[in-house]
Amino acid sequence: ALLTDELYQEVISKYDIAVYQGWSAEKMEQEGMCPYADRYSLYDVNMDGVNELLIGKKDVAGIMYDIYDIYTVENGELIQVTDGAETESYTFYESGIIKYEKVDYSTSDAREYAHYYLINGVLYDIIDLGHKEILYSGEVLNNAGFVEEATLGEYYLIELEFTKFE
C-alpha cells in the first residue's frame, strides 16, 4: 500500500502545483490532467483491497460529484484508467458498478450512459460481461438503448470523502 500511496502522491502533487501556480486549462491538458478537477478521493472502487485515486469535483449543490480521471495501481505500476472530459464523468455504487455519463450540450442536454466494472486496471462494460441482470430486471431501456437511471435505484451511490487540491 505504501507504493500505491507514493504513486498517487505524485499525481496529487502535480495537481496541487497546477492549482497553486494557476495553470491554464491548455497546459493541464498537455500534461494529461483534467482542468475541471479541483479535488480528489481515495476509494477502493472494485473492492480488491487497493484504493483507486479519483479526480474530479463536487457539483454546484455540493451533493453529487463528477469524477473525470480514475487511477489505479496494478503490479506496482500506476495506471490511468480514464481520461475524462468536462462532458464525461463517472459515479460509483456500492455494488462495484461504475456509471459513465456523457452529456451532449449541443442537443438539449442529451445524455448517454454506460455501466462498468473495474477489473485489473481496465473498465469492462457490464452488459458485455453478461451481467445485464445485475443492472436491471427486464428490458428497462430508453429509446436510445441506454439503461435508465431509475434502474440503479437498488444500488446505493457511494458518498466519497474529498480533499481539495491546493
Side-chain angles (χ1 to χ4, degrees), residues 1-12 14-15 29 32-59 63-104 109-163:
L2 184 63
L3 175 66
T4 299
D5 292 344
E6 287 174 15
L7 290 168
Y8 289 161
Q9 193 55 52
E10 288 177 29
V11 176
I12 293 165
K14 197 170 174 183
Y15 272 94
E29 285 173 352
M33 301 163 70
C34 179
Y36 315 106
D38 68 354
R39 61 195 70 214
Y40 69 93
S41 185
L42 295 169
Y43 188 82
D44 185 4
V45 172
N46 56 357
M47 298 167 269
D48 66 354
V50 177
N51 280 338
E52 275 68 44
L53 171 61
L54 311 173
I55 295 190
K57 69 175 185 182
K58 282 205 168 188
D59 71 359
I63 301 161
M64 298 293 290
Y65 54 83
D66 291 319
I67 297 298
Y68 304 111
D69 292 342
I70 303 170
Y71 290 85
T72 192
V73 173
E74 285 289 326
N75 303 318
E77 284 190 42
L78 181 69
I79 297 171
Q80 186 172 357
V81 180
T82 64
D83 184 8
E86 186 179 23
T87 58
E88 302 175 64
S89 65
Y90 300 84
T91 46
F92 305 89
Y93 292 82
E94 288 178 0
S95 58
I97 291 173
I98 301 169
K99 184 181 89 176
Y100 164 83
E101 181 177 358
K102 183 174 184 175
V103 180
D104 182 354
D109 230 12
R111 292 173 190 267
E112 160 181 331
Y113 300 101
H115 300 83
Y116 299 100
Y117 284 125
L118 177 61
I119 303 169
N120 299 327
V122 178
L123 290 181
Y124 289 93
D125 191 298
I126 287 176
I127 293 173
D128 291 347
L129 290 173
H131 288 188
K132 207 153 66 166
E133 71 286 348
I134 289 173
L135 211 51
Y136 51 86
S137 51
E139 293 296 311
V140 190
L141 296 175
N142 63 25
N143 56 7
F146 298 108
V147 180
E148 291 283 9
E149 176 73 8
T151 61
L152 284 172
E154 63 192 280
Y155 298 100
Y156 296 99
L157 188 69
I158 291 166
E159 288 186 27
L160 298 175
E161 294 289 322
F162 284 96
T163 304

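Nothing here was measured: the structure is a model prediction, and the numbers come from that model.
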Chemist: Is the Tyr65 to Phe162 ring centre distance short of 6.0 Å?
Modeler: yes
Chemist: Between Val11 and Tyr40, is there a side-chain heavy-atom distance shorter than 4.5 Å?
Modeler: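 Side-chain contact under 4.5 Å: no.
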Chemist: If I take atom NZ from residue Lys58 and atom CD1 from residue Ile67, how far apart are they, to the nearest 0.5 angstrom?
Modeler: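 One gets 10.0 Å once the value is rounded to the nearest 0.5 Å.
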Chemist: First locate atom OH of Tyr124, then atom CD1 of Ile119, and finally report the distance between them rounded to the nearest 0.5 Å.
Modeler: 6.5 Å
Chemist: Minimum heavy-atom separation for Gly76 and Leu7, please, with both atom names.
Modeler: O-CD1, 3.6 Å
Chemist: Roughly how far, to the nearest 0.5 Å, is OG1 of Thr4 from CD of Glu6?
Modeler: 9.5 Å
Chemist: How close do Ser41 and Leu160 get, counting heavy atoms only, and between which atoms?
Modeler: OG-CB, 3.6 Å
Chemist: To the nearest 0.5 Å, what is the distance between OH on Tyr8 and CG on Leu42?
Modeler: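 So the gap between those two atoms works out to 7.5 Å.
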Chemist: Quick one: ring-ring contact (aromatic ring centres under 6.0 Å, His included) partners of Tyr71, sequence neighbours excluded?
Modeler: none
Chemist: Can you name the residues that form a side-chain contact (heavy atoms from CB on, under 4.5 Å) with Thr87, not counting sequence neighbours?
Modeler: Ala85, Tyr105
Chemist: Using side-chain hydrogen bond (donor to acceptor under 3.5 Å, both in side chains) as the criterion, list what pairs up with Tyr15, not counting sequence neighbours.
Modeler: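 Once residues adjacent in sequence are excluded, the partners of Tyr15 under the side-chain hydrogen bond (donor to acceptor under 3.5 Å, both in side chains) criterion are Asp69.
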Chemist: Rounded to the nearest 0.5 Å, how far apart are CG of Asp38 and NZ of Lys57?
Modeler: 8.0 Å
Chemist: Take Ile55 and Tyr68 through the side chain to side chain contact (heavy atoms under 4.5 Å, CB included) test and state the conclusion after the steps.
Modeler: CA-CA 6 Å; Ile55 295 190; Tyr68 304 111; 5.9 Å; no
Chemist: Mind checking whether Tyr100 and Tyr116 have parallel, tilted or perpendicular rings, split at 30° and 60°?
Modeler: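 Taking Tyr116 first and then Tyr100, their aromatic rings stand perpendicular (interplane angle over 60°).
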Chemist: Which atoms form the tightest heavy-atom contact between Gly121 and Thr72, and what is the distance?
Modeler: CA-CG2, 3.7 Å
Chemist: Is there a donor-acceptor pair under 3.5 Å between the side chain of Thr82 and the backbone N or O of Ile70?
Modeler: yes
Chemist: Glu29: what forms a side-chain hydrogen bond (donor to acceptor under 3.5 Å, both in side chains) with it, not counting sequence neighbours?
Modeler: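 For Glu29, no residue satisfies side-chain hydrogen bond (donor to acceptor under 3.5 Å, both in side chains) once neighbours in sequence are set aside.
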Chemist: Can you name the side-chain contact (heavy atoms from CB on, under 4.5 Å) partners of Asn46, sequence neighbours left out?
Modeler: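 With neighbours one apart ignored, the set is Asp44, Asp48, Glu52, Leu118.
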Chemist: Distance from Tyr93 atom OH to Ile158 atom CD1, nearest 0.5 Å?
Modeler: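 Nearest 0.5 Å value for the OH-CD1 distance: 10.0 Å.
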Chemist: Can you sort out the partners of Lys102 under side-chain hydrogen bond (donor to acceptor under 3.5 Å, both in side chains), two or more places apart, ordered by chain and number?
Modeler: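 None.
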